[in-house]
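FYI, the numbering just counts along the sequence from 1.
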Amino acid sequence: MIAIVALVATLLPAVAVADVMVQGFVNGNSQAVPDAFYVQPGSNYMQAHSAAGGFTWMSKSVSESEILGNITLGFMTNETIYEVNVLDVNFSSGASGDFNITVTVPSGGVSGTVAFPEDTAMWVSNEPFTLSYSGIHFASGSTTYEFNLASPGTTSEVFDNVNHSTHLYIAFVVGAGPADESYSFLVTMSLLSS
């Protein structure tokens, strides 16, 4: 019995240190690559920016928190504003996949809501919008989504199979509303490559 205990006591430390270690290194480097998608002023941006609508786009070229820019929508107390093709979303040469747009209108504030006045919306389409006295029109056969900014909540839509030749056009309708409110919304964009 003592011989077995001595044998086990002798072999256990040898088994415990019989591990194998092999070590190697891989170097890593960084490389700047183009943005997969970007937002820029559209063909009607200057008209909307300089007109009474007061539409403004301030892009951010660098942001660790992934902020692409800031939209300022002007509103009037007793007139509705229509702004078409004020922003474009474009995709770089290597980007392809499904493009998701999510719009969130927060609730809260003094009046219980910070949603925009009634009939306020953001429109996104894969074809340019046109404007007439009857409102905003979109091309037949286009993929067009409306995001309601007049009601708190979150809405998501997906443009399938986008690539470097895809262009998305953004339009806004801003309903008439009170001058003493502060309105806000958040647009989240994401590309899921296939």
Original post:
Is the number of heavy atoms from other residues, nucleotides or ligands within 6.0 Å of CD (Q40) greater than 12?
Top reply: yes

Original post:
Would you say the side-chain atoms of N90 and H167 include a donor-acceptor pair closer than 3.5 Å?
Top reply: yes

Original post:
Is there side-chain contact between L168 and D88, with heavy atoms separated by less than 4.5 Å?
Top reply: no

Original post:
Which heavy atom of L191 sits nearest a heavy atom of A36, and at what distance?
Top reply: CD2-CB, 4.0 Å

Subject >> CA sep, side-chain torsions, deciding dist, call: V39, M189, side-chain contact (heavy atoms from CB on, under 4.5 Å) >> reply: CA-CA 10 Å; V39 179; M189 301 177 180; 3.9 Å; yes

Original post:
So how far is it from M122 CE to T120 OG1, rounded to the nearest 0.5 Å?
Top reply: 13.0 Å

**OP:** Verify the cluster assignment for V86 and M46: are they in a single hydrophobic cluster under the rule of side-chain heavy atoms below 4.5 Å apart?
**Re:** yes

**OP:** Examine F172 together with Y82 and report whether their ring centres are nearer than 6.0 Å.
**Re:** no

Original post:
So, do F55 and L73 sit near enough that their side-chain heavy atoms are less than 4.5 Å apart?
Top reply: yes

**OP:** Kindly determine whether T144 and W123 satisfy side-chain contact (heavy atoms from CB on, under 4.5 Å), including the steps that lead there.
**Re:** CA-CA 7 Å; T144 304; W123 293 80; 3.7 Å; yes

Original post:
Is there a side-chain contact (heavy atoms from CB on, under 4.5 Å) between T155 and E157 once you walk through the steps?
Top reply: CA-CA 7 Å; T155 305; E157 299 291 354; 4.2 Å; yes

Original post:
Between the side chain of D35 and the main-chain N/O of F37, is any donor-acceptor distance below 3.5 Å?
Top reply: no

Subject >> Point-to-point distance, once rounded to the nearest 0.5 Å, from CG of N161 to OG of S96 >> reply: 8.5 Å

**OP:** Evaluate the criterion side-chain contact (heavy atoms from CB on, under 4.5 Å) for residue pair N100 and S156; output intermediate values, then yes/no.
**Re:** CA-CA 7 Å; N100 178 278; S156 293; 4.0 Å; yes

Original post:
Taking all non-hydrogen atoms of both residues, which atom of D119 and which atom of V173 are closest, and how far apart?
Top reply: O-CG1, 3.5 Å

Original post:
Is there side-chain contact between V62 and K60, with heavy atoms separated by less than 4.5 Å?
Top reply: no

Original post:
Can you tell me how far the OH atom of Y169 sits from the OG atom of S125, to the nearest 0.5 Å?
Top reply: 9.0 Å

**OP:** Go through the side-chain N and O atoms of T102 and T188 and say whether any donor and acceptor fall under 3.5 Å apart.
**Re:** no

Original post:
Are the side chains of V89 and Y38 in touch, meaning some heavy atoms are under 4.5 Å apart?
Top reply: no

Subject >> Any side-chain heavy-atom pair of H49 and T56 under 4.5 Å >> reply: yes

Original post:
Side-chain contact, heavy-atom cut-off 4.5 Å: I71 with F185?
Top reply: yes

**OP:** Supply the atom-to-atom distance E83 CD to I170 CD1, rounded to the nearest 0.5 angstrom.
**Re:** 12.0 Å

Subject >> Closest non-hydrogen atom pair, S92 against H164 >> reply: O-CB, 3.3 Å

**OP:** Using a 4.5 Å cut-off on heavy atoms from C-beta on, say whether the side chain of P106 contacts that of S184.
**Re:** yes

**OP:** May I ask you to check whether F91 and F99 place their ring centers less than 6.0 Å from one another?
**Re:** yes

**OP:** Would you mind reporting whether W57 and Y45 have side-chain heavy atoms less than 4.5 Å apart?
**Re:** yes

Subject >> is_close_aromatic(F116, Y183), centroid dist under 6.0 Å >> reply: yes

Original post:
Looking only at heavy atoms, which two atoms of A171 and V84 are closest? And how far apart?
Top reply: CB-CA, 3.7 Å

Subject >> Atom pair CG (N126) and OG1 (T143), whose distance is rounded to the nearest 0.5 Å >> reply: 4.5 Å

Original post:
Do the side-chain N and O atoms of S132 and H137 include a donor-acceptor pair separated by under 3.5 angstrom?
Top reply: yes

Original post:
Which atoms form the tightest heavy-atom contact between E146 and A121, and what is the distance?
Top reply: OE2-CB, 3.5 Å

Subject >> Minimum-distance pair of heavy atoms, taken over all atoms of S142 and E127 >> reply: CB-CG, 3.5 Å

Original post:
Would you say N85's side chain and F129's backbone share a donor-acceptor pair under 3.5 angstrom?
Top reply: yes

**OP:** Please round to the nearest 0.5 Å and tell me the distance separating atom CG of D98 and atom CG of L192.
**Re:** 6.0 Å

